[in-house]
Structure formats: structure tokens, C-alpha cells
Amino acid sequence: MESSTRLQILLAAERLFATQGIDATSLRQVSSEARQRNTAAAKYHFGDKETLIRAIFEHRLGVLDARRGELLRSAGEDERLDDPKVLVAILVRPLAEQATVPGSTYVRFLDRVLEHVGRDVTALPGVGGLEEAVNVGHLVTGRLPYLTEPRLRPRIRWAGQLIISALADLEGAGQPAAGEPDAETYVAALIDAVTGLLTADTSAP
């Protein structure tokens, strides 16, 4: 259980990282955003920026991983785990549900962290967990035996980038504008696109 002060700092950091970026945000700014009279409060409670980033992941991942585990169990009971599209949906939907929570900034924060690590989605687990998402990703790639490692790796990287950036856009947009797809249509299209990216036939080199 986070203390009230730590939680205020953590949520303030998530907002600032999401809107300003990781490198452009200082711990002093985070303390001020969290309405702490002591401008060193964020440093006192978390030590450094990387520790604060990991704390944000830890705060969010319990709910997201539990939801992903629930979807995995349901798909397993229905014997649908051999379908790459079902597995992609298990990857996408928990994050999509978070993106549509009013006032959420977590997915945009995640997009900024991805930017911080050079847009390399495979580096994210080392920053802050995401183990359950990685496990599902392994299930997906295990269904693609025709892809050799040199062909598979860029697809994984691109799929992760697409999921995070598309859902960050969804989160930032709030209510869809007239003529734009609603959230469910948007998410379904994203699942289709990522599945197509991962499962497309290979071309001759």
C-alpha cells in the first residue's frame, strides 16, 4: 500500500512524464506538481528518476497483469490459445481498457518510456516489469514457427511500438470526434493490424 504522499508524487510523475517526456521532467517539477512544499520530496521518497519510473509500473501492473491473466485463463478454457489473433487481443485489451479510463495518463507515460529507451519495446521489461505481457508475447511468437529470428525480431519491435503508440493516441483523444471510430472499433482495428503484422507471409530476401 502506497503512503498518501508517495502516491501523490507517483501520480504527479506519471502525468508529467506523459505530457512532457522523461528527460524533460525533473524530480523538483514532480514534487511541485504533487503539491509538496519540500521540492526534494520526490528525491527523498524515490531516490532517482529510474526508481520512480519503476514504481509507476509497479503501481499499474498489478491490475493490468491480473486482467491479462484473466483473459489468458478464459482463452485457455475455450481452447483458443493456438489463435495468434486471440493472443494479440490478450496483449492489447488490458492496456486499451486503461487508455479509456477518464483522466488516464498511464499509456502516454508508457509511450514516453518507450521513447526514452530508443523505441525498443524489448528494453521495457528491464525498465519496469511487463513480465505477463512478455509471456503472452512468447506465446504469440511460438505460433509463428515459419519466421526465423532475424525476421521475427523486427516484427515484435514494430508490433509493440504500434500497440503502445496507437493506444497512447486513443488515451489522449478522449471522446472520438465526429466521424472517427469509437473506442471498441479502434481497438478491434488495432488487434487486426498487429495480428496481420506478426503473421504476414515472408517475402524472398
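- With a 4.5 Å cut-off on side-chain heavy atoms, Asp169 and Arg108 do not count as touching.
- Using modelled atom types, one finds a donor on one side chain and an acceptor on the other under 3.5 Å when comparing Asp182 with Thr185.
- Contact check for Leu170 versus Val187: side-chain heavy atoms found under the 4.5 Å cut-off.
- Formation of a donor-acceptor pair under 3.5 Å by the Gln36 side chain with backbone atoms of Ser31 is not found in this model.
- Taken from OH in Tyr44 to OG1 in Thr39, the straight-line distance is 15.0 Å, to the nearest 0.5 Å.
- Closest approach of His45 and Arg6 over heavy atoms only: O-NH1, 2.8 Å.
- Closest approach of Val30 to Ala12, counting heavy atoms only: O-CB, 4.0 Å.
- Side-chain atoms of Lys49 and His116, non-hydrogen and from C-beta on, never get closer than 4.5 Å to each other.
- Two residues are said to be in side-chain contact when any heavy atoms from C-beta on lie closer than 4.5 Å; Ile56 and Phe17 meet this criterion.
- Considering only heavy atoms from C-beta on, Arg67 comes within 4.5 Å of Leu71 through its side chain.
- Enclosure of atom CZ in Arg28 is not indicated, since only 12 or fewer non-hydrogen atoms of other residues, nucleotides or ligands lie within 6.0 angstrom.
- Cluster annotation: Phe46 and Leu7 are assigned to the same hydrophobic cluster (Ile/Leu/Val/Met/Phe/Trp/Tyr, side-chain heavy-atom contacts under 4.5 Å, transitive).
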Exercise for the section: Would you check, one step at a time, whether the test side chain to side chain contact (heavy atoms under 4.5 Å, CB included) holds for Arg60 with Gln98? Expected result: CA-CA 9 Å; Arg60 296 293 187 187; Gln98 175 62 42; 4.1 Å; yes
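- With hydrogens and angles ignored, the 3.5 Å screen pairs no side-chain donor or acceptor of Glu77 with any backbone N or O of Ser74.
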Problem - Derivation and outcome, side chain to side chain contact (heavy atoms under 4.5 Å, CB included), residues Val194 and Leu190 - result: CA-CA 6 Å; Val194 173; Leu190 174 60; 3.9 Å; yes
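- The CG atom of Leu110 sits 10.0 Å away from atom CD of Glu14, with the distance rounded to the nearest 0.5 Å.
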Problem - Worked check of side chain to side chain contact (heavy atoms under 4.5 Å, CB included) between Tyr106 and Val101 - result: CA-CA 10 Å; Tyr106 176 70; Val101 172; over 6 Å; no
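- Going from atom OG1 of Thr5 over to atom CZ of Arg35 covers 14.0 Å, rounded to the nearest 0.5 Å.
- Counting only heavy atoms from C-beta outward, the side chains of Lys85 and Asp192 approach each other to under 4.5 Å.
- Counting all heavy atoms, side chain and backbone alike, Glu171 lies closest to Ser104 at OE2-OG, 2.6 Å.
- A distance of 7.5 Å separates CZ in Arg155 from CG in Leu198, rounded to the nearest 0.5 Å.
- Across every non-hydrogen atom of Leu167 and Leu95, the tightest pair is CD1-CB, 3.7 Å.
- Closest heavy-atom contact between Ala75 and Leu81: CB-CD2, 3.6 Å.
- Atom CG of Leu114 sits about 11.0 Å away from atom CD1 of Ile163, to the nearest 0.5 Å.
- With contacts defined as side-chain heavy-atom distances shorter than 4.5 Å, the pair Ile53/Phe109 qualifies.
- A distance of 7.0 Å separates CG of Leu72 from CG of Leu87, quoted to the nearest 0.5 Å.
- For the pair Arg68 (side chain) and Ile90 (backbone), a donor-acceptor distance under 3.5 Å is present.
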Practice task
Would you check, one step at a time, whether the test salt bridge (charged side-chain N to carboxylate O under 4.0 Å, His left out) holds for Glu70 with Arg73?
Solution key: CA-CA 5 Å; Glu70 176 187 318; Arg73 286 190 298 276; 5.4 Å; no
Exercise for the section: Mind running side chain to side chain contact (heavy atoms under 4.5 Å, CB included) on Thr105 and Thr19 for me, showing each step along the way? Expected result: CA-CA 8 Å; Thr105 57; Thr19 55; 5.5 Å; no
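- At a threshold of 4.5 Å between non-hydrogen side-chain atoms, the residues Leu11 and His59 count as touching.
- The shortest non-hydrogen separation linking Pro84 to Asp82 is CD-O, 3.3 Å.
- Of the possible donor and acceptor atoms, one in the side chain of Ser165 sits under 3.5 Å from a partner among the backbone N and O of Gln161.
- Val63 and Ile164 fall into different hydrophobic clusters, where Ile, Leu, Val, Met, Phe, Trp and Tyr residues are linked whenever their side-chain heavy atoms come under 4.5 Å apart, directly or through other members.
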